[in-house]
Structures are given as structure tokens and as C-alpha cells.
Amino acid sequence: DSALFILILDDEMAPKTVGESATNILHGTVNVEHEDYNRYMSEDPEHDDPASDEEYGSSRNRWYDKLQIIVCADASAGINFEHSGIDSHTALRIVSDIYAETVVQYLQSITKFLPANDR
């Protein structure tokens with residue numbers, strides 16, 4: 001309960017489109033698979049037991065009461081947060097700082113071998 005944010009690794013999700021990415025970041029994916037699909041599709045109300053359904057997808061690892069940093073299998077990322085508890089400027093500042101630090105670290109890693117750094 002005291003965490004500032006949660007890092008979510010969606011190792012099975014690699015969105016192929018902007019729409020898939022937005023859906024995954026905003027609310028995750030969800031699929032429900034019925035235990036006996038053929039009986040389920042027969043529309044026999046006797047055999048329609050929701051307790052035998054199995055839910056899977058990335059919506060099972062979301063906590064909307066926290067700031068969530070969501071990273072997918074293809075390294076695409078986004079944030080999600082419940083907006084009444086935090087101002088959007090605060091979330092933007094966090095993301096901006098993470099991005100800026102990433103750029104600085106990358107630039108330092110590629111420039112450390114330049115002759116100007118030997119001084």
C-alpha cells in the first residue's frame with residue numbers, strides 16, 4: 001500500500017498497432033475461455049456454468065489505485081493511474097524524468113569512447 005508506483009512487466013503482450021497498445025495500457029487485455037466450449041456453444045442453459053470459465057490476459061495484473069508503469073514484451077511502455085488521486089502534471093513529470101535519464105545514460109554510453117573523454 002505504500003508503494004509510489006508499480007512496475008508491470010507484460011511479458012506476453014507485444015502490441016502490433018497503436019490501438020492494441022492503447023487498449024493494453026488503459027485496461028489490459030482479457031479473454032475468457034469456457035471449459036467445454038462445444039457444450040457452451042450448444043446454448044444449453046443446464047451446462048452454462050460460469051464457474052468453469054477461465055480468465056486470462058494482462059488485465060489480471062493491473063492495480064488502478066497506484067501509478068502503473070507498464071512495459072510490454074517488445075519494450076513498448078506506458079503509464080496508467082487513477083486520475084483523482086494524482087494530478088496529470090505529476091505523472092507527466094515522472095515519465096519525463098525517466099525518459100530524460102534514459103537519454104542521458106544512452107548518450108553517456110556511446111560517447112565514453114570519444115577522445116574528448118580522455119582528459
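Owing to the predicted nature of the structure, the values given are computational and were not obtained by experimental measurement.
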Trainee: Counting N and O atoms only, with roles assigned by atom type, does the side chain of S96 sit under 3.5 Å from a partner on the main chain of L92, one being a donor and the other an acceptor?
Mentor: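 Not at all, since once roles are kept as given, no pair shorter than 3.5 Å links the two residues.
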Trainee: Do the side chain of T23 and the main chain of G19 share a donor and acceptor less than 3.5 angstrom apart?
Mentor: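 At least one qualifying donor-acceptor pair exists.
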Trainee: In chain order, what residues pass the side chain to side chain contact (heavy atoms under 4.5 Å, CB included) check against A22, with sequence neighbours excluded?
Mentor: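 Side chain to side chain contact (heavy atoms under 4.5 Å, CB included) list for A22, sorted by chain: empty.
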Trainee: Identify the heavy atoms of I70 and I25 that sit nearest to each other, and give their distance.
Mentor: CD1-O, 3.6 Å
Trainee: If you compare all heavy atoms of A14 against all heavy atoms of A73, which two are closest, and at what distance to 0.1 Å?
Mentor: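 Looking at all heavy atoms of both residues, the shortest contact is CB-CB, 4.4 Å.
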Trainee: Would you be so kind as to tabulate the donor-acceptor pairs closer than 3.5 Å made by side chains of residues 99-106, with sequence neighbours excluded?
Mentor:
unit_1, atom_1, unit_2, atom_2, d
E101, OE2, Q105, NE2, 3.2
T102, OG1, I98, O, 2.8

Trainee: Of all residues at least two apart in sequence or in a different chain, which pass the salt bridge (charged side-chain N to carboxylate O under 4.0 Å, His left out) check with D11?
Mentor: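 Scan of D11 (salt bridge (charged side-chain N to carboxylate O under 4.0 Å, His left out), adjacent residues dropped) gives none.
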Trainee: Counting N and O atoms only, with roles assigned by atom type, does the side chain of D10 sit under 3.5 Å from a partner on the main chain of V71, one being a donor and the other an acceptor?
Mentor: no
Trainee: Look only at the side chain of Q68 and the backbone of W63, and say whether a donor-acceptor pair between them is shorter than 3.5 Å.
Mentor: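 Yes, because the side chain of Q68 sits within donor-acceptor range (under 3.5 Å) of the backbone of W63.
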Trainee: Taking the side chain as C-beta and beyond, is there a heavy-atom pair between N80 and R62 under 4.5 Å?
Mentor: no
Trainee: Just wondering, do I94 and L67 contact through their side chains at under 4.5 Å, heavy atoms?
Mentor: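 They are in side-chain contact.
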Trainee: Is K16 salt-bridged to D74, cutoff N-O under 4.0 Å?
Mentor: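 The answer is no: the pair does not qualify as a salt bridge.
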Trainee: Are L26 and V18 connected into the same hydrophobic cluster when the rule is that any two of I, L, V, M, F, W, Y join if their side-chain heavy atoms are below 4.5 Å apart?
Mentor: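 They do not share one cluster, since no chain of ILVMFWY contacts under 4.5 Å joins V18 to L26.
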Trainee: Where do M13 and C72 come nearest, in terms of heavy atoms and distance?
Mentor: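 That would be O-CB, 3.1 Å.
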Trainee: Is the closest side-chain heavy-atom distance between I79 and F5 below 4.5 Å?
Mentor: no
